[in-house]
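Protein chains get the first letters and strands the later ones, always in sequence-line order, with residue 1 at the start of each. A quick note: this is a predicted structure, and the numbers were derived from the prediction, not measured.
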Amino acid sequence: MVELKIFRTEKERVLKGYQKRNLKQEQIDLVDQILHLDTERKKTQAELDQILSQSNHLAKEIGELFKSGNAQEANAKKTAVADLKEKSKQLELLLEQTMAQINELQLQLPNVPNTVVPHGKTAEDNEVYFSSSRPLPVLAENALPHWELAKKYKLFDMELGVKITGSGFILYRNKGARLQRALINFFLDEAVKAGYEEIIPPLLVNEDSARGTGQLPDKEGQMYYAEKDDLYLIPTAEVPVTNIYRDVILKEDQLGAKLCGYTPCFRREAGSYGAHVKGLNRVHQFDKIEIVRIEHPDKSYAALDEMLEHVKSLLEKLELPYRILRLCGGDMGFASALTYDFEVWSAAQERWLEVSSVSNFETFQSHRMKLRFKNEKGESIHPHTLNGSALALARIVASILENHQTEDGIRIPQALIPYTCFEKIN
RNA sequence: GGAGGAAUGGCAGAGUGGUUGAACGCGGCGGUCUUGAAAACCGUUGACUGUAACAGGUCCGGGGGUUCGAAUCCCUCUUCCUCCGCCA
């Protein structure tokens with residue numbers, strides 16, 4: 001969530017940013033309400049502190065009086081303390097209510113977009129930030145979409161997924177399964193080469209973790225929930241990996257942490273249907289390698305650029321045409337200050353598929369998670385957190401199958417052959 | 001799943017109702033000494049909130065209670081350790 005301090009000191013920037021997100025006026029008004037409640041809170045706190053201070057003093061005096069055997073005077077003071085206690089209880093209640101109100105309002109406000117974020121309401125308004133130089137392939141007349149290719153070459157089976165679990169769960173087999181495993185290893189190796197520490201995190205997380213990265217409360221419906229144990233299946237490795245840093249105070253030299261994690265990701269995707277979710281386009285379980293960074297505020301945007309370069313290099317090595325979008329204010333995630341989406345070309349479907357989303361959350365997550373570092377002056381400062389997919393598998397598989405199909409099979413990109421141990425799917 | 005024990009500052013570890021935000025030690029930081037370093041010695045060293053700055057307030061796993069006063073007593077939850085059972 002956005003820190004109160006930012007509302008207090010940078011209100012103008014906040015309001016400008018929120019306009020880019022096309023927030024309703026009543027939502028923008030929350031900023032003023034929060035600031036008002038905050039001064040109320042301070043007033044109540046000061047009053048309460050004074051009363052507590054008095055009663056602390058009295059308690060000490062009473063102790064000394066008892067020690068010196070002056071029970072009578074001590075008992076007299078007890079009634080004074082009882083009065084103070086009554087008052088302090090009321091103030092405490094008021095304080096609690098005010099803070100709960102502030103918190104509730106704060107949770108409703110998204111992160112403040114970076115100045116370079118374009119204005120706009122929907123995905124239509126996203127700005128094409130970069131396009132790969134690779135030309136879109138011209139496919140043969142009889143070219144097939146990936147779900148037909150999967151049937152032809154027995155790569156994955158949707159019907160079996162339905163039988164075993166339900167729609168949106170895929171059973172990969174044969175070279176389809178091996179391609180999947182090859183991609184996972186390829187992406188992990190590339191990340192490790194780029195200096196990321198490999199993590200294998202838990203796939204279920206508790207409520208605190210889901211809250212820490214912002215899945216709760218607003219994306220509750222997106223996650224599978226194991227009620228009996230009060231645990232959530234992760235929608236992305238971002239959740240467990242970033243939560244390593246929940247409630248942590250780092251030393252300044254520990255900043256610049258680079259982590260990567262491979263996990264399956266589980267998403268309910270309630271309400272999705274139709275042609276755009278066909279095949280691997282949108283599934284309930286898919287594999288993804290996530291990269292996460294914890295950075296000094298001065299260095300986070302350089303880190304973001306570095307992450308873009310990393311993802312670009314992966315797509316280049318897979319020989320896929322892609323483009324990078326800079327998301328507009330209206331299409332950005334709640335927690336993000338700047339987000340770039342990577343889309344790869346799905347040649348047979350003739351559409352772009354999102355395969356990566358790289359974001360700088362600035363202090364939004366670190367504030368929520370209570371992640372801080374100490375600078376040289378000994379001040380506690382929230383670092384910036386960033387993450388991105390590098391990469392999400394299901395759609396990459398779709399794109400590889402479609403873009404690299406030929407008359408006599410599907411060609412495996414050079415860089416991947418050491419991992420698949422086969423050069424062609426036929 | 002059953003039985004018992006524990007949870008204190010970066011670490012280790014005292015503290016069982018009244019100057020205890022917390023001893024001692026290690027670690028960290030600053031200094032003295034030294035050509036430099038080590039050793040030794042001296043000092044300093046938790047978080048949050050608050051203030052212009054002081055002051056003040058909160059925090060000894062979480063929550064609740066008893067009391068004028070709780071790290072210390074009671075209830076409850078969580079986690080960890082030991083033993084038994086089960087198990088890849």
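Of the residues near RNA chain B, A:Ser53 and A:Lys78, the one whose nearest nucleotide (by heavy atom distance) lies more toward the 5' end is A:Ser53. Each of A:Glu64 and A:Ala82 was matched to the nucleotide of RNA chain B holding its nearest heavy atom; the match closer to the 5' end belongs to A:Glu64.
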query = Does the side-chain contact (heavy atoms from CB on, under 4.5 Å) test come out yes or no for A:Tyr129 and A:Leu308, once each step is laid out?
reply = CA-CA 11 Å; A:Tyr129 174 72; A:Leu308 293 184; 4.1 Å; yes
inquiry  = For a side chain to side chain donor-acceptor pair (under 3.5 Å) check, start with the C-alpha distance between A:Glu295 and A:His384, then their side-chain angles and the critical distance, and finish with the verdict.
reply    = CA-CA 5 Å; A:Glu295 295 288 340; A:His384 288 185; over 6 Å; no
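When the P atom is used for both B:A55 and B:A70, the distance is 23 Å, rounded to whole Å. The separation of B:G43 from B:C24, taken at their P atoms, amounts to 11 Å, rounded to a whole angstrom. Separating the C1' atom of B:G9 from that of B:G46 is a span of 5 Å, rounded to the nearest Å. Here, B:A3 and B:U19 have their C1' atoms 43 Å apart, quoted to the whole Å. Spacing of C1' atoms, B:U76 relative to B:C68, comes out at 26 Å, to the nearest Å. With both ends at atom P, the span from B:U72 to B:G15 equals 15 Å, rounded to whole Å. If you take atom C1' in B:G85 and the same atom in B:G10, they sit 39 Å apart, rounded to whole Å. If you take atom C1' in B:A7 and the same atom in B:A14, they sit 15 Å apart, rounded to whole Å.
Between the NZ atom of A:Lys60 and the C1' atom of B:G18 there is a distance of 9 Å, rounded to whole Å. With rounding to whole Å, A:Leu58 atom CG is found 14 Å from B:G18 atom C1'. If you take CG of A:Asp230 and P of B:G62, they are 20 Å apart, rounded to a whole angstrom. Taking atom NE2 on A:His57 and atom C1' on B:U19, their separation rounds to 12 Å, with Å as the unit. The CG-C1' distance, from A:Leu93 to B:G64, rounds to 15 Å in whole Å. One can place CG of A:Asn103 at 15 Å from P of B:U49, the figure rounded to the nearest angstrom. Per the geometry, CG belonging to A:Leu91 stands 17 Å off P belonging to B:G50, to the nearest Å. Atom NZ in A:Lys251 sits roughly 17 Å away from atom P in B:U45 (whole-Å rounding).
Backbone-only contact: A:Lys374 has heavy atoms under 4.0 Å from sugar-phosphate atoms and none from a base. Looking at heavy-atom distances under 4.0 Å, A:Ser55 makes no contact with the nucleic acid at all. Backbone-only engagement by A:Leu52 is indicated by non-hydrogen atom pairs under 4.0 Å involving sugar-phosphate atoms exclusively. If you check every strand for non-hydrogen atoms under 4.0 Å, A:Asn75 touches nothing.
The stretch residues 41-51 of chain A touches RNA chain B through A:Arg41, A:Lys42, A:Asp49, each having a heavy atom within less than 4.0 Å of the strand. Within residues 200-214 of chain A, no residue has any heavy atom closer than 4.0 Å to RNA chain B.
Ring geometry for A:Tyr224 versus A:Phe266: interplanar angle over 60°, hence perpendicular rather than tilted (30 to 60°). By the 30° and 60° cut-offs, the orientation of the rings of A:Phe373 relative to A:His296 is tilted. Taking the six-membered ring for Trp and thresholds of 30 and 60 degrees, A:Phe334 and A:Phe364 have ring planes more than 60 degrees apart, a perpendicular arrangement. The aromatic rings of A:His310 and A:Tyr196 lie tilted to each other, with the angle between the two planes from 30° to 60°. Between A:Phe186 and A:Tyr419, the ring planes lie perpendicular to each other; the angle is over 60°, past the 30° to 60° tilted range.
For A:Ile249, whose side chain is taken as the heavy atoms from C-beta onward, the closest listed nucleotide among B:A47, B:U58, B:C68 is B:A47. Considering only the side chain of A:Asn56, B:G57 comes nearest among B:A47, B:G50, B:G57.
B:C59 and B:G46 make up a base pair, with Watson-Crick or G-U wobble contacts both under 3.5 Å. In this structure, B:G10 and B:C26 make a Watson-Crick or G-U wobble pair, each of the two defining distances being under 3.5 angstrom. B:U32 is paired with B:A40 under the Watson-Crick or G-U wobble criterion, all donor-acceptor distances under 3.5 Å. Nucleotide B:G4 is matched to B:C81 when pairs are restricted to Watson-Crick or G-U wobble geometry with both distances under 3.5 angstrom. Using N1 to N3 plus N6-O4 or O6-N4 for Watson-Crick, or N1-O2 and O6-N3 for G-U wobble, each under 3.5 Å, B:G17 pairs with nothing. With a 3.5 Å ceiling on both atom-pair distances, B:G69 lacks any Watson-Crick or G-U wobble partner.
No more than 12 heavy atoms of other residues, nucleotides or ligands sit less than 6.0 Å from atom CD of A:Gln414. By the neighbour-count criterion of 12 heavy atoms within 6.0 Å, atom CD of A:Glu96 is sparsely surrounded, having that number or fewer from other residues, nucleotides or ligands.
Closest heavy-atom contact between A:Lys20 and A:Thr115: NZ-O, 2.8 Å. Heavy-atom minimum distance, A:Ser389 versus A:Ser356: O-OG, 2.7 Å.
Each of A:Met1, A:Arg21, A:Met332 was scored for a side-chain contact (heavy atoms from CB on, under 4.5 Å) with A:Pro110, with one residue passing: A:Arg21.
Between A:Lys77 and B:G69 there is no side-chain polar atom (N or O) within less than 4.0 angstrom of OP1 or OP2.
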